[in-house]
Amino acid sequence: MIPPTVTVSVREAVRRGQERAERLGRTQQMELGEDLFIRIAPGGRKFLLFCLDAEPQRETAEELARVLELRDPQFGWHQGATLRSLTVMEAGADEHENSD
């Protein structure tokens, strides 16, 4: 017998990704929408928000920072080789954490 489908909210999925990043010390990447992705850095206190065909919205990053319960999140931009990502890091988090 196949187990029933379980529905998980995006908020819960992101929190689980954060917990996994913290527990395993590895970056966790999730697709949040058709063209919206999050990479949660090891430690779970920093993330990158990016789109493949556009730029992510700051309002989305602010909401995700609330979901992840970041205290005093700091927002900035990271220009990679092909994508411009919105970076969010909790004030005082290890700046050397890498979410790539």
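All residue numbers refer to positions in the sequence shown, counting from 1.
The only option from H78, R39, Q74 that meets the side chain to side chain contact (heavy atoms under 4.5 Å, CB included) definition with T87 turns out to be H78. The residue from R45, E69, Q28 that alone fulfils the side chain to side chain contact (heavy atoms under 4.5 Å, CB included) condition with Q18 is R45.
Side-chain contact check for F47 versus M89: every heavy-atom pair is 4.5 Å or farther apart. You'll find the side chain of L64 reaches within 4.5 Å of the side chain of V14, heavy atoms only. Put simply, the side chain of I40 does not reach to within 4.5 Å of the side chain of K46, judged on heavy atoms. By the 4.5 Å heavy-atom criterion applied to side chains, E55 and F50 are not counted as neighbours. Using a 4.5 Å heavy-atom threshold, the side chains of F75 and R58 count as touching. Contact check for V88 versus E62: no side-chain heavy atoms found under the 4.5 Å cut-off. Contact check for L49 versus L32: side-chain heavy atoms found under the 4.5 Å cut-off.
In this structure, Q29 contributes its side chain and T27 its backbone to no donor-acceptor pair below 3.5 Å. Panel note: side chain D72, backbone A91; no donor-acceptor pair is recorded below 3.5 Å. D35 contributes no side-chain N or O that, together with a main-chain N or O of C51, makes up a donor-acceptor pair within less than 3.5 Å. Listed for the E90 side chain is no donor-acceptor partner under 3.5 Å among the backbone atoms of P73.
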From CA spacing to verdict: side chain to side chain contact (heavy atoms under 4.5 Å, CB included), E31, L36: CA-CA 6 Å; E31 184 175 1; L36 181 63; over 6 Å; no
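Put simply, CZ on R16 and OG on S9 are 8.5 Å apart, with the number rounded to the nearest 0.5 Å.
In the hydrophobic clustering of ILVMFWY residues, with side-chain heavy atoms under 4.5 Å counting as a link, L48 and L83 come out apart.
Residue R26 places its CZ atom among 12 or fewer non-hydrogen atoms of other residues, nucleotides or ligands, all under 6.0 Å distant. Within 6.0 Å of the CD atom in E34, the count of heavy atoms belonging to other residues, nucleotides or ligands does not exceed 12.
By the salt bridge (Lys or Arg N to Asp or Glu O under 4.0 Å) test, R20 pairs with no residue at all, sequence neighbours left out. Partners of E19 by salt bridge (Lys or Arg N to Asp or Glu O under 4.0 Å), not counting sequence neighbours: none found.
A salt bridge links E63 with R11: the closest approach of a Lys/Arg side-chain nitrogen to an acidic carboxylate oxygen falls below 4.0 angstrom.
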